[in-house]
Participant: 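Dumping the structure here so I can ask a few things about it.
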Amino acid sequence: MEALRTVSTVAPPKVITAHLSKPLFSLSFTQKRSKSPLLNLTQFTKSKFTKFNVISPSVWTQPAAPPEEETEPDTDEKFDWFSHWYPLMPVCDLDKRAPHGMKVLGLDVVVWWDKNANQWKVFDDRCPHRLAPLSEGRIDQWGRLQCVYHGWCFNGSGNCKLIPQAPLDGPPVHSFPKACVGVYPSTIQYDIVWFWPSTDPQYKDILSKKKPLYIPELSYPSYAFQTYHRDIPYGYEVLIENLMDPSHVQYAHRGIISAKEPSVKVDREGGVPIDLKMEYSDKNGYATTNNQDIKSSFVAPYMYKSNLQNFTPGKFGQKGPEEDVLVFLCIPVSPGNSRLITIIPRHLWVNVSYCKWWNHMIQNLIVDSDLYLLRVQEEKLLEAGPLNWQKVSFVPAKADANVVLFRKWLKKYAGGQFDWGTKFNGALPPIPPREQFFDRYWSHVVNCSSCNRAYKGFKALKISLQVFSVSSVAIMAATKPGMVSVAARNTLAVAAIMCFVGSLWLSRFIYKTFHFHDYNHSFK
């Protein structure tokens with residue numbers, strides 16, 4: 001988590017005294033830029049973005065008149081959400097013995113291991129027979145995906161290979177096209193399963209034409225990387241803008257993420273102005289840099305990356321990414337739900353001593369500490385309408401530049417929000433009771449191999465302590481006076497008490513670590 005601590009570090013106010021050569025948002029999206037270090041992005045020539053007037057190096061004011069409503073983007077400018085590869089799950093957290101059901105972009109998919117092709121496959125999660133979820137099925141002895149409702153079996157190409165109810169001497173109904181399952185193109189990159197969100201046969205060979213997002217920091221040979229994933233009970237848009245916001249860390253995550261103490265403190269938490277400057281922006285994303293050369297970039301539609309130093313890719317032995325890069329993959333799931341995959345590059349020797357489940361628990365606490373704030377914020381934004389974000393939000397400080405840029409990018413190219421088509425009516429699900437809302441087990445632990453192993457190990461230890469405690473009491477009760485020494489009896493009694501108390505403590509630890517840990521900001 002050192003990377004997280006470093007990302008939150010900002011310069012003290014005295015450093016932020018030099019004025020920009022031009023106001024931040026006078027650098028409108030018509031300004032020419034240098035070539036993007038991530039992608040060869042195209043420039044556009046017309047801007048509809050509202051300009052801001054700078055009144056100090058870290059503050060700007062909005063114009064008095066309401067911003068002009070933007071028209072629908074042109075066809076060639078409109079962002080196509082379904083023309084990109086999307087990450088599903090790290091391979092290390094997938095069990096080859098069973099299918100895994102997931103929802104992404106409003107699509108229900110099932111990920112399973114095809115041992116005959118030695119590949120991970122991604123199918124439409126519904127049996128063509130009676131639409132039962134294939135993710136609730138099993139992989140049979142021949143390596144086929146079997147629907148457990150009626151036993152229909154499918155190979156890695158989606159073809160039905162068996163309908164048990166069809167007579168052997170009858171017509172081969174299993175070979176009919178309607179008996180097939182929709183297959184999504186899939187691949188492995190950075191030890192993550194990726195899929196192309198269309199079962200249309202024209203995309204069968206899409207991998208030869210377009211590959212998943214290339215992230216140079218994850219391709220360095222002397223570095224490994226650790227992943228963390230969690231299902232989040234608020235939407236994709238709020239998730240990304242929260243990760244882009246550096247100034248909330250000292251407040252929303254107080255007591256979890258430490259930040260460098262500024263030379264001049266205006267409050268207990270140590271918040272300071274942050275001077276952010278836009279480097280480039282277009283349909284494919286944008287990048288900003290602050291006065292400490294902390295570079296942040298958004299690559300549409302789902303990646304936000306923060307570099308604290310310039311990354312220089314090269315051969316083994318040359319300079320690598322160090323531990324100062326954070327990569328966030330933010331996946332839309334459904335209205336009011338998203339999925340976060342965090343990737344942190346680490347040197348190989350650091351990776352060996354890395355306690356994955358404990359680091360995941362810290363990241364769970366970070367997510368929990370602003371979970372409710374963001375869910376309520378999302379409801380208020382939905383009430384105002386996605387295109388009215390600027391009318392209901394007051395953002396006078398340049399520390400919010402990343403958030404403003406994202407909302408403007410979203411408005412210009414995507415109508416202000418993710419396009420769910422006709423799948424959903426746009427309404428958010430109701431906020432459940434707190435214990436369910438902050439649940440960690442179903443949103444992370446059950447799908448994380450390392451955390452699941454730790455969870456089962458602690459539960460086994462708890463039961464062992466309880467068994468020993470009860471057994472010790474039973475032995476003392478069955479032993480007649482004089483059969484054992486008083487010292488031995490007292491030692492056994494103390495051990496029984498300590499094991500019982502230990503099991504109670506461990507039970508509480510398991511609950512707070514793997515199930516539910518509330519976060520009260522008033523006492524931080």
Participant: Taking all non-hydrogen atoms of both residues into account, name the closest pair between Pro335 and Leu428 and its distance.
Facilitator: C-CD2, 4.0 Å
Participant: For residues His521 and Tyr251, establish whether the separation of their ring centroids is below 6.0 Å.
Facilitator: no
Participant: I'd like a table of donor-acceptor pairs (distance under 3.5 Å, sequence neighbours excluded) in which one partner is a side-chain atom from residues 88-97, with atom names and distances.
Facilitator:
| from | atom 1 | to | atom 2 | distance (Å) |
| --- | --- | --- | --- | --- |
| Asp93 | OD1 | Ser449 | N | 2.9 |
| Asp93 | OD1 | Ser449 | OG | 2.9 |
| Asp93 | OD2 | His229 | NE2 | 3.0 |
| Asp95 | OD1 | Arg97 | N | 2.9 |
| Asp95 | OD1 | Arg97 | NE | 3.0 |
| Asp95 | OD2 | Arg97 | NE | 3.2 |
| Asp95 | OD2 | Arg97 | NH2 | 2.8 |

Participant: Please state whether the rings of Tyr236 and Trp81 are parallel, tilted or perpendicular, taking 30° and 60° as the class boundaries.
Facilitator: perpendicular
Participant: Using the rule given for side chain to side chain contact (heavy atoms under 4.5 Å, CB included), can you reason through Thr342 versus Thr227, listing the C-alpha separation, both sets of side-chain angles and the distance that settles it, and then say yes or no?
Facilitator: CA-CA 5 Å; Thr342 303; Thr227 57; over 6 Å; no
Participant: When you check the side-chain N and O atoms of Glu241 and Gln377, is any donor under 3.5 Å from an acceptor?
Facilitator: yes
Participant: With distance as the sole test, does Asn337 use its side chain to make a donor-acceptor pair with the main-chain N or O of Pro429 at under 3.5 Å?
Facilitator: no
Participant: Determine whether the aromatic ring centres of residues Tyr184 and Phe123 are separated by less than 6.0 angstrom.
Facilitator: no
Participant: Does any N or O in the side chain of Gln189 come within less than 3.5 Å of the main-chain N or O of Leu213, such that one atom is a donor and the other an acceptor?
Facilitator: yes
Participant: Checking the side chain of Asp439 only, and the main-chain atoms of Trp442 only, is there a donor and an acceptor separated by less than 3.5 Å?
Facilitator: yes
Participant: Step by step, would you call Leu365 with Arg440 a side chain to side chain contact (heavy atoms under 4.5 Å, CB included)?
Facilitator: CA-CA 10 Å; Leu365 188 57; Arg440 294 179 177 181; 3.6 Å; yes
Participant: Where do Phe516 and Arg434 come nearest, in terms of heavy atoms and distance?
Facilitator: CE1-O, 3.6 Å
Participant: Before accepting this row, confirm whether a basic side-chain N of the pair Arg126/Asp108 lies closer than 4.0 Å to the acidic partner's carboxylate O.
Facilitator: no
Participant: With a 4.0 Å cut-off, would you call Asp368 and Arg230 a salt bridge?
Facilitator: yes
Participant: Could you grab the distance from atom CD of Glu379 to atom CG of Leu382, nearest 0.5 Å is fine?
Facilitator: 8.0 Å
Participant: How about NZ on Lys265, more than 12 heavy atoms from neighbouring residues, nucleotides or ligands closer than 6.0 Å, or not?
Facilitator: yes
Participant: Angle between ring planes, His84 versus Tyr86, binned at 30° and 60°: parallel, tilted or perpendicular?
Facilitator: perpendicular
Participant: Under a 3.5 Å threshold, yes or no: a donor from one side chain and an acceptor from the other, between Asp245 and Ser247?
Facilitator: yes
Participant: Taking all non-hydrogen atoms of both residues, which atom of Ala252 and which atom of Leu373 are closest, and how far apart?
Facilitator: CB-CD1, 4.4 Å
Participant: Can you tell me how far NE2 of His517 sits from OG1 of Thr513, rounded to the nearest 0.5 angstrom?
Facilitator: 8.5 Å
Participant: So is Arg375 actually on top of Phe437's ring, under 6.0 Å and inside 45° of the axis?
Facilitator: no
Participant: Given 3.5 Å as the limit, does a donor-acceptor pair link the side chain of Asp114 with the main chain of Asn118, or not?
Facilitator: no
Participant: Apply the ring pair (Phe, Tyr, Trp, His ring centres under 6.0 Å) test between His129 and each candidate in Phe154, Tyr149, Trp152; give the one that qualifies.
Facilitator: Trp152
Participant: If you compare all heavy atoms of Asn452 against all heavy atoms of Val446, which two are closest, and at what distance to 0.1 Å?
Facilitator: ND2-O, 3.7 Å
Participant: Give, for atom CD1 of Ile366 and atom CG of Asn364, the distance between the pair rounded to the nearest 0.5 Å.
Facilitator: 9.5 Å
Participant: Report the distance from atom CG of Asp124 to atom SG of Cys180, rounding to the nearest 0.5 Å.
Facilitator: 12.5 Å
Participant: Between Asn242 and Asp370, does any side-chain donor sit less than 3.5 Å from a side-chain acceptor?
Facilitator: yes
Participant: Please answer whether the main-chain N or O of Lys295 pairs with a side-chain N or O of Lys305 as donor and acceptor at a distance below 3.5 Å.
Facilitator: no
Participant: I want to know whether His515 and Tyr455 have ring centres closer than 6.0 Å.
Facilitator: yes
Participant: Checking the side chain of Glu237 only, and the main-chain atoms of Phe418 only, is there a donor and an acceptor separated by less than 3.5 Å?
Facilitator: yes
Participant: Checking side chain to side chain contact (heavy atoms under 4.5 Å, CB included) for the pair Trp112/His100: CA distance, chi angles, key distance, verdict?
Facilitator: CA-CA 6 Å; Trp112 66 286; His100 304 265; over 6 Å; no
Participant: When the aromatic ring centroids of Trp120 and Trp113 are compared, is their separation below 6.0 Å?
Facilitator: yes
Participant: Using every non-hydrogen atom in the two residues, find where Pro99 and Leu134 come nearest and quote the distance to one decimal.
Facilitator: CG-O, 3.8 Å
Participant: Could you report the tightest heavy-atom contact between Ala399 and Pro246, atom names first, then the distance?
Facilitator: O-CD, 3.9 Å
Participant: Please work out whether the ring planes of Phe458 and Phe514 are parallel, tilted or perpendicular, with thresholds of 30° and 60°.
Facilitator: tilted
Participant: Roughly how far, to the nearest 0.5 Å, is the CG atom of Leu243 from the CG atom of Leu340?
Facilitator: 6.0 Å
Participant: Could you walk me through whether Cys499 and Gln466 pass the side chain to side chain contact (heavy atoms under 4.5 Å, CB included) test, one step at a time?
Facilitator: CA-CA 7 Å; Cys499 286; Gln466 292 173 342; over 6 Å; no
Participant: Closer than 3.5 angstrom, by distance alone: can the side chain of Ser469 be matched with the main-chain N or O of Leu465 as a donor-acceptor pair?
Facilitator: no
Participant: Give a yes or no on whether Lys459 atom NZ has more than 12 heavy-atom contacts from other residues, nucleotides or ligands under 6.0 Å away.
Facilitator: no
Participant: Where the side chain of Arg489 meets the backbone of Met476, is there a donor-acceptor pair that is under 3.5 Å apart?
Facilitator: yes
Participant: First locate atom OH of Tyr190, then atom CG of Leu218, and finally report the distance between them rounded to the nearest 0.5 Å.
Facilitator: 6.0 Å
Participant: Can you tell me if Asn155 uses its side chain to pair, donor with acceptor, with the backbone of Gly158 under 3.5 Å?
Facilitator: yes
Participant: Ignoring hydrogens and geometry beyond distance, is a side-chain donor-acceptor pair present between Ser296 and Tyr304 at under 3.5 Å?
Facilitator: yes
